[in-house]
Amino acid sequence: MGYISKVFYDMGYNVLMPYTRGQSTSDGEFLTFGAKDKADWLNWINKINDLNGPTSKVVLYGQSLGADSALQTAAQSNLPSSVKAVIADCGFSTIPSLLFSLYTGASNSLNNLTSKIGWNLNGTIPLVPFDQFLNGFNNINKLLQGFSLDAVSGITAVENSKLPTMFIATADDTFIPDTQTETLYNLSASTLKQLWILDGNVGGHASANNAVKDYTARIQAFLNQVDAQNSDTKLNITDDQHVAA
C-alpha cells in the first residue's frame with residue numbers, strides 16, 4: 001500500500017495508512033472482512049476531522065479486502081459528512097462468491113493433475129463439496145468472531161451508500177474476478193459512480209495500479225467530478241461511466 005499512498009500523495013493529498021485488524025503489527029487475532037474494521041475506520045475519520053476542523057474532506061480508498069472495508073464504512077448511517085467519496089479497487093461482492101472463486105480455482109488446479117490419470121473432478125474437491133466447505137467456514141467464523149459471513153456483503157454495502165464511488169478491477173484477476181466488481185457497480189445506489197476495468201494482461205489481482213499514470217489520471221478525474229458536485233457546479237456526466245482500457 002506504500003505504492004498506492006504515493007499515488008495520492010503525488011496528487012497533493014494527505015494520507016492515513018493504518019494496518020487493519022489482524023494484519024501486521026495491528027491488534028486483533030483475525031481478519032474481520034470489514035465487519036468490525038468499519039467501526040475502526042469511523043474512529044480514524046473522526047480523528048482526522050478533529051485535526052482538520054470543519055473544512056475536513058476525506059476520501060476512502062481500499063484495495064481487495066480493503067475495498068470492501070471502505071464500502072462497508074461508507075454504508076454506515078453515522079458516517080461523518082466530511083467523507084466525500086469512495087474508491088474501491090478489486091473488491092468482492094460477497095464472501096461466499098469470493099470463496100466459490102477460490103474453491104473453483106483450487107479444484108481446477110487439482111483436476112489438472114488428476115485428469116492425467118483419467119480422474120475428472122468436475123469442479124469439486126474430493127470429500128469437500130463447496131456447500132460443506134462454505135458452511136464449515138461460516139460456522140467457524142461465527143464461533144471465533146461472532147458474526148455470519150452474510151454480515152460482510154459488498155452488495156449490501158453499495159446498496160446502502162449514495163456516496164460517489166469509483167470501482168476498479170482488472171480483466172485478468174483470477175483471485176477476485178472483475179465480474180464481482182461489475183456487480184457492485186451495477187447495484188450501487190450512488191448517482192455519481194464509475195466503473196473502470198483494465199483489459200488484457202495487466203498483472204492479475206490488485207494490479208490496476210501498475211498502469212500508474214492512467215491510474216492516477218482516472219482517479220484524479222473522478223475526484224474532480226466529486227469536487228465539482230460538492231461545489232454545486234453543474235456536471236456534464238456522460239453515459240460513458242463504464243470504462244474499459
Side-chain angles (χ1 to χ4, degrees), residues 1 3-4 31-35 37 60-72 74-75 86-113 115 120-125 128-135 137-138 141 148-159 161 165-190 193-212 214-215 218-219 222 240-245:
M1 295 305 297
Y3 187 84
I4 301 298
L31 299 177
T32 78
F33 314 110
D37 303 302
L60 304 180
Y61 172 92
Q63 191 178 78
S64 191
L65 174 59
D68 282 80
S69 296
L71 293 171
Q72 291 177 67
V86 184
I87 300 172
D89 187 341
C90 62
F92 56 81
S93 56
T94 65
I95 290 288
S97 295
L98 171 60
L99 293 177
F100 182 74
S101 175
L102 299 178
Y103 180 93
T104 301
S107 65
N108 288 340
S109 296
L110 186 58
N111 188 69
N112 289 337
L113 297 175
S115 62
N120 193 329
L121 300 179
N122 296 315
T124 65
I125 297 176
V128 190
F130 177 72
D131 288 347
Q132 179 180 330
F133 165 72
L134 178 61
N135 288 335
F137 190 98
N138 191 38
N141 189 73
S148 167
L149 298 179
D150 291 335
V152 288
S153 168
I155 289 176
T156 300
V158 299
E159 288 177 335
S161 171
T165 306
M166 182 178 187
F167 299 90
I168 302 172
T170 59
D172 62 343
D173 191 335
T174 58
F175 185 72
I176 302 179
D178 63 296
T179 52
Q180 295 198 32
T181 294
E182 190 167 3
T183 295
L184 294 175
Y185 168 80
N186 289 333
L187 296 177
S188 170
S190 175
K193 59 183 180 179
Q194 185 175 117
L195 173 64
W196 179 36
I197 298 179
L198 284 80
D199 200 3
N201 185 18
V202 181
H205 183 62
S207 62
N209 53 267
N210 289 342
V212 61
D214 206 10
Y215 195 79
R218 289 178 181 273
I219 289 176
F222 176 73
D240 187 24
Q241 292 294 295
H242 181 143
V243 183

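The residues of the chain are indexed from 1 along the displayed sequence.
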Side chains of [X] and [Y] in contact at under 4.5 Å (non-hydrogen atoms):
X	Y	result
Ile219	Met166	yes
Leu184	Leu71	yes
Asp37	Leu65	no
Thr94	Pro96	yes
Ile125	Phe133	no
Asn138	Ser148	yes
Ile168	Thr181	no
Val158	Phe167	yes

If we ignore hydrogens and angles and just use 3.5 Å, is the side chain of [X] paired with the main-chain N or O of [Y] as donor and acceptor?
X	Y	answer
Ser153	Asp150	no
Thr104	Ser101	no
Ser188	Ser190	yes
Ser161	Ala157	no
Ser97	Ser93	no
Asp68	Phe92	yes

**Q.** Stacked cation flag Lys193 on Tyr185, 6.0 angstrom / 45 deg
**A.** yes
Identify the heavy atoms of [X] and [Y] that sit nearest to each other, and give their distance.
X	Y	value
Ala171	Asp199	CB-OD1, 3.7 Å
Ala208	Asp89	CB-OD2, 4.2 Å
Asp172	Gly203	OD2-N, 2.8 Å
Leu195	Glu182	CD2-CG, 3.9 Å
Leu60	Ala74	CD1-N, 4.2 Å
Ser64	Ile176	OG-CD1, 4.0 Å

Between Gln63 and Asn209, does the side chain to side chain donor-acceptor pair (under 3.5 Å) criterion hold? Intermediate values first, please.
CA-CA 10 Å; Gln63 191 178 78; Asn209 53 267; 3.0 Å; yes
How many angstroms lie between atom [atom1] of [X] and atom [atom2] of [Y], to the nearest 0.5 angstrom?
X	Y	atom1	atom2	result
Leu134	Ile95	CG	CD1	10.0 Å
Leu198	Asp173	CG	CG	11.0 Å
Asn186	Thr179	CG	OG1	11.0 Å

| said: Go through it in stages, so that I can follow the logic: the residues are Asn210 and Tyr215, the test is side chain to side chain donor-acceptor pair (under 3.5 Å), and I'd like the CA-CA distance, side-chain angles, deciding distance and then a yes or no. | reply: CA-CA 8 Å; Asn210 289 342; Tyr215 195 79; over 6 Å; no
**Message:** Quick one, Thr174 with His205, criterion side chain to side chain donor-acceptor pair (under 3.5 Å). Give me CA distance, side-chain angles, the key distance, then yes/no.
**Reply:** CA-CA 7 Å; Thr174 58; His205 183 62; over 6 Å; no
Side chain to side chain contact (heavy atoms under 4.5 Å, CB included) evaluation trace for Ser107 with Thr124:
CA-CA 6 Å; Ser107 65; Thr124 65; 5.8 Å; no
Kindly assign one of parallel, tilted or perpendicular to the pair Phe100 and Phe130, based on the angle between their ring planes and the thresholds 30° and 60°. perpendicular
Determine the interplanar angle of the Phe137 and Phe33 rings, folded into 0 to 90°, and report it as parallel if under 30°, tilted if 30 to 60°, perpendicular if over 60°. tilted
Those residues at least two apart in sequence (or on a different chain) that pass side-chain contact (heavy atoms from CB on, under 4.5 Å) with Asp178 are Ala169, Ile197
